[in-house]
**Q** 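The structure under discussion is supplied below as structure tokens; questions concerning it will follow.
In each ligand, atom 1 is the first atom listed, and ligand 1 is the first ligand listed.
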Amino acid sequence: MKSVLVTGSSGLIGSEVCHYFVTELGYKVHGIDNNQRAVFFGPQGDTRWNQQRLEHGLRGFEHHELDIRDRDGVRALLAQLRPHAIVHTAAQPSHDRAAAIPFDDFDTNATGTLNLLEAARQACPESPFVHMSTNKVYGDAPNSIALRELETRWDYAEPTYEHGIAESFTIDQSKHSLFGASKVAADVMVQEYGRYFNMPTCCLRGGCLTGPNHSGVELHGFLSYLVKCNLEGRHYTVFGYKGKQVRDNIHSLDVARFMAAFVAAPRSGEVYNLGGGKANSCSILEAFAITEGFTGKGQQYTYTDQNRAGDHICYYSDLRKMRAHYPEWDITKSLNTTIQEIVEAWRQRAA
Ligand SMILES: NC(=O)c1ccc[n+]([C@@H]2O[C@H](COP(=O)([O-])OP(=O)(O)OC[C@H]3O[C@@H](n4cnc5c(N)ncnc54)[C@H](O)[C@@H]3O)[C@@H](O)[C@H]2O)c1
């Protein structure tokens, strides 16, 4: 029986990957998580509910309580399991939170990734290694693209970016936030293990990854948190750019499907921009309207002129490289369906 090791298994992406590899592909799944999200974000970020959901509902899933910063622990587990594939989603995932916890952020995102890469090289160098990176590796360089202002959103004015941001976009000489910088270190290291050691690695530079199993908090999990505020009648704070800032949203199932496609036909040292693309993009104002359509409740929000440091004004991923390399893969969940699922999930969790 094939096995996959998934780090961050109690998180949004990790849990979806566990589910997909067990139910769709028949893998044995080993999850690593230590509920660090609750340490990063407090009780609202607690992911134990999701760990329990996997342990009780998913045959073939085994939880390992391990911190990816524990180099010896990671090495020992990899040596024991020698999994057929590794999907690395554990991270300090917040752009804004990183400045307050620079060492925790770097030790988790950069050093934790290196711990896994080196342990994999020693135990199972032929196993595909999928790393969840982020579009924040581009820093705020996308903000230098000329924009046009539409009624409810910003959009690129230059035809070059008609399909969005491609993988060739510069990652250098812009403001990243400490989170973006620690993710750049990991991203380049994952590429290097591909190029230098010829291991089958890839970096997936995520746009907004979302879905019903996110433990969304103000500092991370934009749509999940926005929907939660709507349902609870709480004020959502919009930070600058007139609320017209654009994100592309991809359902965690479509992320897991792409990871499975890569594991089935791996390449070395690859990079993909993994987002919802233009079709699944929305501004915050547009997300309010779609959510209101499903909940029937007006979104309460306050606006502050100060944008988040280094925040993108308009970002959507160019999906053409992914589609060219893996033509059987495409987005299957529309933005509306995704928001509807998030609404239903928060209602159920509150019940
Ligand atoms: N959600 C997004 O919008 C988004 C966008 C771009 C990139 N990403 C990236 O995708 C990945 C997954 O994001 P997510 O939204 O599923 O995050 P998440 O916070 O929901 O899941 C991450 C999980 O990793 C665990 N974890 C954190 N540090 C750990 C450690 N030191 N040891 C063991 N476990 C640890 C957390 O407890 C959590 O359950 C991250 O690398 C993130 O940077 C996410």
**Q** Could you check, using the six-membered ring where one of them is a Trp, whether H325 and Y272 have ring centers closer than 6.0 angstrom?
**A**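 Yes; Y272 has its ring centre under 6.0 Å from that of H325.
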**Q** List the steps and the verdict of side-chain contact (heavy atoms from CB on, under 4.5 Å) for C229 and Q299.
**A** CA-CA 8 Å; C229 286; Q299 186 90 34; 3.9 Å; yes
**Q** Which residue pairs pass the salt bridge (Lys or Arg N to Asp or Glu O under 4.0 Å) test with at least one member in residues 267-283, sequence neighbours excluded?
**A** D155-K278, R267-E270, E270-K321
**Q** Distance from S3 atom OG to F21 atom CZ, nearest 0.5 Å?
**A** 11.0 Å
**Q** With sequence neighbours excluded, tell me which residues meet salt bridge (charged side-chain N to carboxylate O under 4.0 Å, His left out) with E149.
**A**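 Per chain and number, E149 pairs via salt bridge (charged side-chain N to carboxylate O under 4.0 Å, His left out) with K242, K244.
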**Q** Anything with a heavy atom under 4.0 Å from ligand 1 counts, so go ahead and list those protein residues by chain and number.
**A** G8, S10, G11, L12, I13, D33, N34, N35, Q36, R37, F40, T47, L66, D67, I68, R69, T89, A90, A91, P93, T108, M132, S133, T134, F179, K183, G206, G207, C208, L209, H214, H220
**Q** Applying salt bridge (charged side-chain N to carboxylate O under 4.0 Å, His left out), name anything that partners R121, two or more places apart in sequence or on another chain.
**A**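 Here the qualifying residues are E118.
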